[in-house]
Amino acid sequence: MRKISVLKFGGNTLANKEKILLAVNLIKKRVEQGVLPVVVASANGNMTDILLDNAYSLSKNPHKRELDMLITTGERISVALLSIALNDISLPAVSLTGSQIGLTTTPEHAGADIKGITGDRLQKELDKGHIPIIAGFQGIGENKEITTLKRGGSDVSAVFIASQLGADHVEMIKDVDGVYTKDPNKNKDAEKLNLMDFDVMYKLALEGANVLHPDAIKLAKEKNVEIRIIYYKTGEVGTIIK
């Protein structure tokens with residue numbers, strides 16, 4: 001059986017048609033390298049913010065259940081578009097929501113925690129040779145209610161799915177080419193870190209570094225899943241966190 005590689009695409013890497021096609025090329029490259037990709041996707045660009053703005057324009061205090069129902073559509077747009085583009089180049093892909101793969105969470109809305117994966121839908125798709133394109137940041141709570149994780153939770157979804165599938169690493173596809181000592185856009189003397197410890201990265205994330213969600217780093221350390229920061233334009237590894 002081919003080795004599984006989990007690829008998580010951040011929203012900025014899927015913000016338009018050109019970036020989606022770059023994502024497709026990277027997935028194709030992984031297939032050509034002999035791995036079976038499992039993709040986790042965030043909402044395109046600033047889609048989540050647009051959806052939230054729409055909700056708050058109608059209510060100062062939108063019902064949290066309805067917010068979850070609304071903003072999970074952002075990830076569904078991403079996974080459907082990616083799947084359409086992959087199938088167009090004869091790479092069999094199937095878009096899946098968090099609930100469709102049985103990703104169960106605690107019951108609260110707008111900040112649930114992952115509990116597990118139930119059922120065998122994901123494995124069945126892999127057995128068929130399909131590339132699963134999974135909506136991150138979402139799952140299903142009690143009474144089949146749609147839930148969302150904390151903001152940025154697609155990183156957490158990807159690490160958890162990688163651990164459940166027995167993958168030893170997860171590729172976080174980002175619009176930055178690695179983790180730096182300082183913000184490279186503001187500091188010319190910023191140095192890229194090729195290798196990092198989980199604890200160091202966790203501290204940076206808590207201090208405001210936006211590269212990874214802190215909960216994803218914590219989970220990766222707990223499950224011993226290596227994180228690789230991949231630059232979306234080249235597909236090359238920038239920083240390894242382990």
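Note that the structure is a prediction, hence the values are computed from the model and not measured. Throughout, numbering of the chain's residues begins at 1 and tracks the sequence.
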For Arg121 and Glu125, what are the C-alpha separation, side-chain angles and deciding distance, and is it a salt bridge (Lys or Arg N to Asp or Glu O under 4.0 Å)? CA-CA 6 Å; Arg121 175 71 186 274; Glu125 296 297 346; 2.9 Å; yes
Verify the neighbour count for atom CG of Asn210: are there more than 12 heavy atoms of other residues, nucleotides or ligands below 6.0 Å?
-> no
Worksheet item: Between His169 and Glu226, do the side chains contain an N or O donor and an N or O acceptor separated by less than 3.5 Å?
Response: no
Dump the intermediate steps for side chain to side chain contact (heavy atoms under 4.5 Å, CB included) on Lys8 and Ser42, then the final yes or no.
-> CA-CA 8 Å; Lys8 185 265 172 177; Ser42 297; 3.3 Å; yes
- [ ] Answer whether the closest heavy-atom distance between the side chains of Ile133 and Val94 falls below 4.5 Å.
- [x] no
With sequence neighbours left out, the residues meeting side chain to side chain donor-acceptor pair (under 3.5 Å) with Glu171 are Ser5, Arg30
- Residue Lys29 excluded, over 12 heavy atoms near NZ under 6.0 Å: yes
| said: What I'd like to find out is whether the side chain of Arg151 reaches to under 4.5 Å of the side chain of Leu52, using heavy atoms alone. | reply: yes
- Task: Measure the shortest side-chain to side-chain distance between Leu219 and Asp215 over non-hydrogen atoms and say whether it is less than 4.5 angstrom.
- Result: no
Q: For Leu149 and Thr105, run side chain to side chain contact (heavy atoms under 4.5 Å, CB included): C-alpha distance rounded to whole Å, both residues' side-chain angles, the deciding distance at 0.1 Å, then the answer.
A: CA-CA 8 Å; Leu149 311 179; Thr105 73; 4.2 Å; yes
Q) Checking side chain to side chain contact (heavy atoms under 4.5 Å, CB included) for the pair Tyr232/Leu26: CA distance, chi angles, key distance, verdict? A) CA-CA 8 Å; Tyr232 80 104; Leu26 177 51; 5.9 Å; no
| message | Can you tell me if Glu142 has over 12 outside heavy atoms packed within less than 6.0 Å of its CD? | response | no
Q.
Checking Leu22 against Glu18 for the side chain to side chain contact (heavy atoms under 4.5 Å, CB included) test, could you report, in this order, the C-alpha distance in whole Å, the side-chain angles of both residues, the deciding distance, and whether it holds?
A. CA-CA 6 Å; Leu22 279 174; Glu18 289 71 26; 5.9 Å; no
*asked:* Between Lys242 and Asp168, is the salt bridge (Lys or Arg N to Asp or Glu O under 4.0 Å) condition met? List the steps.
replied: CA-CA 10 Å; Lys242 63 179 184 178; Asp168 60 4; over 6 Å; no
May I ask you to decide if Gly153's main-chain N or O and Ser157's side chain share a donor-acceptor pair within less than 3.5 Å?
-> yes
Exercise for review: With the side chain counted from C-beta on, respond yes when Met172 and Ile241 share a heavy-atom pair under 4.5 Å apart, and no when they do not.
Suggested key: no
With sequence neighbours left out, the residues meeting side-chain contact (heavy atoms from CB on, under 4.5 Å) with Asn46 are Asp49, Ile50
Check your understanding: Going by distance alone, is a donor N or O of one side chain under 3.5 Å from an acceptor N or O of the other, for Ser83 and Asn87?
Key -> yes
Is it the case that atom CD in Glu66 sees more than 12 heavy atoms from other parts of the structure closer than 6.0 Å?
yes
Would you indicate whether Lys192, at its atom NZ, is surrounded by more than 12 heavy atoms from other residues, nucleotides or ligands within a distance under 6.0 Å?
-> yes
Residues Lys19, Asp175; criterion salt bridge (Lys or Arg N to Asp or Glu O under 4.0 Å); working and verdict = CA-CA 10 Å; Lys19 289 183 175 181; Asp175 60 351; 5.5 Å; no
Just so I know, are the side chains of Val170 and Arg228 near enough to count as touching, which here means a heavy-atom distance under 4.5 Å? no
